[in-house]
Amino acid sequence: MKKLSTLLAATAVVTLMAGSAWSKTLVYCSEGSPEGFDSALYTAGTTFDASSRTVYNRLVEFKKGSTEIEPGLAASWEMSADGTQYTFKLRPGVKFQTTDFFTPTRELNADDVIFSFERQYKADNPWNKYVAGATYEYFSGMGFPELIKSIEKVDDLTVKFVLNKSEAPFLANLGMDFASIYSKEYADKLQADGKMEMMNQQPLGTGPYTFVAYQADAAIRYKANPDYWGGKQKIDDLVFAITTDAAVRAQKLKAGECHIMPYPNAADVSELQKDETLTVLKEEGLNVSYLAYNTLVAPFDKPEVRKALNMAVNKQAIVDAVFQGAATVAKNPIPPTMWSYNDAVEDDKYDPEAAKKALEAAGVSNLKMKIWAMPVSRPYMLNARRAAELMQADLAKIGVEVEIVSYEWAEYLKLSSDKARDGAVILGWTGDNGDPDNFLDTLLGCTAVGGNNRAQWCNKEFDDLVKKAKLTPDQAERTKLYQQAQLVFKKEAPWNTIDHSLVFMPMNKKVSGYVQDPLGIHRFDGVDIAE
Amino acid sequence: MSSVETKSVSPAAAAAATPSAPPSGFAEFWFYFSSNRGAVLGLGIFVIILLMAIFAPLLTSHDPIIQNRDVLLLPPVFAEGGRAEYLLGTDPVGRDILTRLMYGARFSLFVGLIVVTLSVVAGVLIGLVAGFFRGTTDTIIMRLMDIILAFPSLLLALVLVAVLGPGLVNAMIAIALVNLPHFVRLTRASVMTERNKDYVIGSQVAGAGTLRIMFVTILPNCLAPLIVQATLAFSAAILDAAALGFLGMGAQPPTPEWGTMLAEAREFIQRAWWVVTFPGLAILITVLAINLMGDGLRDALDPKLKRS
Amino acid sequence: MLRFIFGRLAVLIPTFIGVSIIAFSFIRLLPGDPVMLLSGERVMAPERHAQIMAELGLDRPMYVQYFDYLTGLLQGDFGRSIISKRPVIDDFMTLFPATMELAICAIILAVCLGIPAGVVAAVKRGTWLDQTIMGTALVGYSMPIFWWGLLLIIFFSGTLGWTPVSGRISFLYFFPPVTGFMLIDSLLSGQKGAFGSAVSHMILPTIVLATIPLAVIARQTRSAMLEVLSEDYVRTARSKGMSPFRIIGVHALRNAMIPVITTIGLQIGVLLGGAILTESIFSWPGIGKWMVDSVFKRDYAVVQGGLMMITLVIMFVNLIVDLLYGWANPRIRR
């Protein structure tokens with residue numbers, strides 16, 4: 001008898017499924033498994049795509065396809081005159097998702113916002129260490145523990161952030177993934193049930209898609225959230241088909257097994273562009289790859305030497321060989337899609353003859369140096385070893401002998417930030433929030449020496465400009481300061497700026513409404529697919 | 001992968017198979033070996049590969065490392081668009097594939113040689129000690145070997161290389177280590193059968209020292225199964241090194257090691273079949289040639305199988 | 001028999017401890033610092049780094065960490081991923097059925113083709129058929145399977161478009177896992193076409209993974225058969241005019257099977273190793289690919305726990321094979 005009822009139940013499920021087979025399904029061949037679904041715990045874009053950009057929302061959101069912010073869960077906000085207090089008015093009537101593991105009884109309110117932030121820095125919050133080894137990398141990386149003084153509930157729909165100092169990029173930071181807003185009601189229920197870990201496995205938020213299931217290393221399934229405050233999405237089901245190999249992704253796209261994919265092999269792009277069923281979008285990524293000299297070590301402490309070396313390297317050749325053209329040569333430390341990019345800056349022109357002379361003029365001969373090549377492929381530098389080999393050949397032409405060294409990735413990251421490092425290091429950066437401060441001060445400011453500032457470069461003129469810009473709320477004013485800083489940077493040449501990679505997004509022609517995001521995130525709100 | 005080879009020479013079979021009469025000379029060996037056509041073919045191919053590896057710089061005018069941006073991804077000569085100076089085409093950075101394969105043969109043969117030498121020398125020493133002294137020493141050694149054998153060999157090698165750092169030398173050390181137990185077991189089993197035979201007891205009575213008995217009296221009589229096992233280990237080592245290279249843990253680019261070449265070629269699987277096909281073919285042919293020789297050696301050295 | 005079983009178990013315990021020590025110490029020797037990787041290109045402040053190390057218990061003396069680990073193991077706690085923060089055993093349990101399914105299909109294919117091929121080769125010894133079969137088997141045995149997989153993908157998925165490129169089932173189908181075996185689950189789900197899709201995803205990986213065991217089994221069957229066929233009782237049966245089919249099918253094959261079964265048992269360990277390559281090529285979501293990914297991500301805890309668990313599985317399978325062998329062959333029980 002029991003068997004019969006199971007059978008009946010199974011049949012019922014089948015009928016349901018058969019019904020849903022007619023629904024619109026978009027399959028996204030994603031590049032890897034998410035680390036988890038609690039985006040505040042992680043730093044990888046893959047994880048954000050699967051959690052914060054589908055399931056969650058933030059107080060402010062980035063406009064589609066831009067680094068500018070627009071209202072999200074906060075309908076409006078006000079900043080105090082000194083820039084240390086932000087008051088957010090929450091959007092009324094926002095519903096959390098209803099799933100088979102949780103049914104919300106109330107709408108979004110200030111408690112949810114406070115919960116979402118406090119758990120990340122208050123050690124006594126039960127959620128601060130709800131999984132063993134929980135750390136909030138972005139929260140601390142963006143300096144929030146030092147920045148936030150308090151977060152106060154003014155009324156149910158009003159929240160006030162009090163800061164320790166004025167910080168211009170603060171709003172942009174709130175659009176980042178770690179600032180996603182969670183349901184306190186869901187959290188309380190998980191805590192009461194003793195299943196706190198599920199927060200990281202069954203996410204629940206206010207976003208456009210509702211989480212359905214995760215099949216480890218194979219697929220993630222979502223369905224459109226019918227209660228979404230921005231309106232129900234046009235597609236019914238969204239599937240992330242996890243496919244780590246880029247060649248395989250491309251093959252699946254061509255075979256129609258998926259509709260859209262990120263990160264094609266540079267080698268496959270032209271092939272995909274030729275395919276009549278596909279379109280390939282492209283845009284400059286919000287990143288930069290650089291060769292950072294150690295400016296504390298002679299003779300690289302002299303700007304003339306650094307400039308001479310820069311002139312000796314044919315960067316176009318690197319872009320061609322490593323990216324097969326899928327990148328542009330960089331002249332500034334920030335990418336061209338970012339506001340305040342100074343197009344008037346002139347790059348050190350490739351000229352081996354002039355480079356040789358400049359090096360002699362600086363009194364340097366028989367120079368031997370090391371170039372560090374990253375052991376891993378990153379979007380801004382697909383093959384550092386190949387790039388280093390090209391630099392080695394170029395520099396040999398002006399009489400500089402280069403030894404290429406490499407370390408295991410974690411070692412590399414650690415050793416490369418050492419002030420006494422021997423050699424110039426190839427590395428790069430992908431923007432977090434679209435703010436120039438996130439490149440200029442983070443990577444080149446005096447406070448970052450011995451840390452993210454791999455050139456160990458502390459220049460007062462430059463540092464004053466970016467520090468001042470950070471405290472200036474007015475964007476036009478900031479733009480001027482940053483443009484000036486870029487001129488100083490080029491004059492001093494702590495880096496040889498190598499490239500900004502191009503980001504390609506191949507997709508089936510049936511897909512519409514997909515907009516490439518300069519921040520490198522993949523979002524599927526507003527995307528549709530033709531039958 | 002490398003534990004497959006145990007099947008041909010299990011310790012018990014080897015022990016039973018070891019000839020108790022003195023070895024019968026090269027002529028007889030060659031008679032049996034050459035009667036196996038496959039073995040002779042294998043030997044022939046192997047010699048050709050060996051010569052190509054040794055004389056690679058004379059056989060080709062191209063360089064295996066230097067990139068040539070004028071000839072990216074040229075197809076082989078027999079395909080449309082191929083050029084005669086690049087017989088098997090070029091790779092994504094314009095290097096001649098045939099040249100890289102010839103230089104790559106050096107790495108593969110070298111890997112096989114070093115791995116076999118390392119594991120044979122260490123394995124025989126440890127096996128002799130275990131088989132000769134028995135008791136606690138034997139138990140400890142054999143437990144240690146059991147522990148190594150308990151891991152899947154490729155996984156163990158992979159983790160070992162990760163520990164030591166990716167690279168050809170470390171890959172060789174790792175593969176030699178996972179191969180070790182086979183030689184230890186084999187030697188031990190042979191020694192244990194030989195130890196109680198008359199000629200050993202005779203020399204013991206005559207007052208020969210332990211070392212002399214171990215190396216001069218017993219060891220030569222255990223050689224046959226060891227040689228066969230060593231041949232199999234040679235081919236298995238080439239395969240494992242290529243597999244590690246393929247997983248990105250073996251030789252590092254731009255070394256023209258075959259597995260590493262395959263790993264680098266993977267992204268071109270859609271566009272340029274030749275960069276994927278030829279390195280794998282080179283691995284297959286080499287391993288096949290050595291295995292053919294191994295079969296012939298077994299037939300020639302193993303009187304029990306000779307009969308059947 | 002009972003004594004035999006206990007004898008085997010007594011050997012396993014020191015091996016298990018040895019394996020746990022090796023798995024544990026290996027991982028501590030890995031260069032690079034997993035905590036460092038948590039923050040990517042952004043440099044982590046030293047105080048924060050120390051704090052996280054302390055939270056993960058990585059700053060305590062080695063032996064304390066080991067005993068902690070061993071205590072955990074005995075309670076079924078294989079540690080927790082540093083990156084995903086999930087318990088290693090959970091991931092293992094979700095991924096293992098995929099590997100298991102692939103391994104079972106491969107072994108079935110290898111046995112079903114390998115034994116008949118070996119028998120035919122032995123019976124037709126010395127003919128062109130024997131040479132063809134044995135030649136093919138030797139090629140299979142020498143095959144770099146990672147390349148073989150790529151070739152099959154290029155040809156069957158690329159050129160012909162017959163089989164899917166990777167994965168376990170088309171993403172159009174979705175049903176909650178019941179057994180974890182896609183072939184069974186897809187049937188249970190009752191969704192039209194799901195089973196067919198699962199089968200078509202299965203074909204290429206199965207062929208690739210089965211290649212080497214198939215070759216080994218064919219070779220082993222042939223030599224075992226040859227040995228049996230030369231035995232006196234077979235000759236007697238033959239001289240009595242018993243039909244060759246009966247001789248081979250009933251008498252010879254049965255006796256030749258004992259060494260072949262041992263070989264098959266040994267191949268299961270080999271298969272789990274081969275799964276590393278096969279799964280990497282076909283993006284098969286199983287433990288082989290999981291291990292490779294974890295090695296690259298430097299997820300200490302996963303590599304250590306996964307290594308332990310895979311080894312335990314192999315030890316268990318070997319124990320079963322041993323026991324079966326001892327049961328079938330009373331002489332070796334001692």
Side-chain angles (χ1 to χ4, degrees), chain B residues 1-8 10 37-38 143-144 146-156 158-165 235 238-239 242-243 246-249 258-259 262-263 265-266 269-270 273 276-277 279-281 283-292 295 304-305 307-308, chain C residues 11 14-16 18-19 21-23 26-27 29-31 131 134-135 138-139 141-148 150-151 153-154 158 212-213 215-216 219-220 223 226-227 230 259 263 266-267 269-270 272-277 280 288 291-292 295-296 298 303 306-307 310-312 314-315 318:
Chain B
M1 252 168 38
S2 60
S3 59
V4 213
E5 71 271 21
T6 42
K7 64 94 195 48
S8 342
S10 68
R37 272 177 299 158
R143 278 299 84 74
L144 275 175
D146 280 350
I147 290 169
I148 298 180
L149 281 177
F151 294 102
S153 62
L154 186 63
L155 183 58
L156 184 62
L158 181 73
V159 177
L160 256 176
V161 177
V163 170
L164 300 170
S235 61
I238 292 178
L239 271 183
F246 180 73
L247 291 174
M249 281 289 177
W258 295 339
L262 257 181
R266 236 186 127 173
I269 175 170
Q270 301 236 22
W273 56 269
V276 184
T277 310
L281 206 56
I283 302 172
L284 176 61
I285 291 174
T286 310
V287 172
L288 186 60
I290 297 169
N291 283 343
L292 278 169
D295 277 6
K304 190 178 166 212
L305 289 165
R307 265 194 286 114
S308 57
Chain C
V11 176
T15 312
F16 171 76
V19 164
I21 292 178
I22 289 187
F26 262 7
I27 305 310
L29 296 175
L30 273 179
Q131 286 174 357
M134 282 304 105
L138 196 66
V139 172
Y141 177 57
S142 311
M143 189 63 86
I145 58 167
F146 43 96
W147 173 69
W148 178 223
L150 291 181
L151 279 196
I153 291 179
I154 293 183
I212 288 181
V216 172
R219 281 161 63 95
Q220 179 71 46
S223 59
L226 283 180
E227 208 158 305
S230 66
T263 310
L266 285 174
Q267 290 305 310
V270 176
L272 286 177
I276 293 173
L277 293 168
S280 297
M291 287 304 287
V292 175
V295 166
F296 278 100
R298 313 231 150 251
V303 176
L307 199 60
I310 293 172
T311 310
L312 275 180
I314 293 180
M315 281 165 67
N318 286 345

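Reminder, nothing fancy here: chain letters follow the sequence lines and each chain counts from 1.
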(Q) Could you measure the distance from the CG atom of B:D295 to the OH atom of C:Y141? Nearest 0.5 Å is fine. (A) 8.5 Å
Q.
At a 4.5 Å cut-off on heavy atoms, which part of B:F246 comes close to chain C: side chain, backbone, both, or neither?
A. side chain
**Q.** Close side-chain approach of C:V303 to C:M291, heavy-atom, < 4.5 Å
**A.** yes
Q. Is chain B contacted by the side chain of C:L150, its backbone, both, or neither, given a heavy-atom distance below 4.5 Å?
A. both
Q.
Just verifying a value: how many Å separate C:I276 CD1 and C:I145 CD1, rounded to the nearest 0.5 Å?
A. 9.5 Å
Q: Using the test salt bridge (Lys or Arg N to Asp or Glu O under 4.0 Å), find all partners of B:R37 that sit at least two apart in sequence or belong to another chain.
A: none
Q. With respect to chain B, which residue among C:I314, C:L138, C:I21 yields the maximal number of heavy-atom pairs within a distance under 4.5 Å?
A. C:L138
Q. Counting heavy atoms not belonging to B:W273, are there more than 12 under 6.0 Å from its CH2?
A. yes
Q: For chain C, find which of B:L160, B:L156, B:L281 contributes the most heavy-atom pairs closer than 4.5 angstrom.
A: B:L281
Q. So which part of B:L292 gets closer than 4.5 Å to some heavy atom of chain C, the side chain, the backbone, both or neither?
A. both
Q.
Is C:L151 close to chain B through its backbone or its side chain, or both, or neither, when contacts mean heavy atoms under 4.5 Å?
A. side chain
Q. Can you check whether B:T277's main-chain N or O pairs, donor with acceptor, with C:W147's side chain at less than 3.5 Å?
A. yes
Q. Side chain, backbone, both or neither: which part of C:F16 has an atom under 4.5 Å from a heavy atom of chain B?
A. neither
Q) Between B:V287, B:I238, B:I147, B:D146, which has the largest tally of heavy atom pairs under 4.5 Å with chain C? A) B:I147
(Q) Out of C:L272, C:V292, C:L307, return the one with the most heavy atom pairs under 4.5 angstrom to chain B. (A) C:L307
Q) What closest approach, in Å, do C:P144 and B:G280 show between heavy atoms, and which atom pair accounts for it? A) CG-O, 4.0 Å
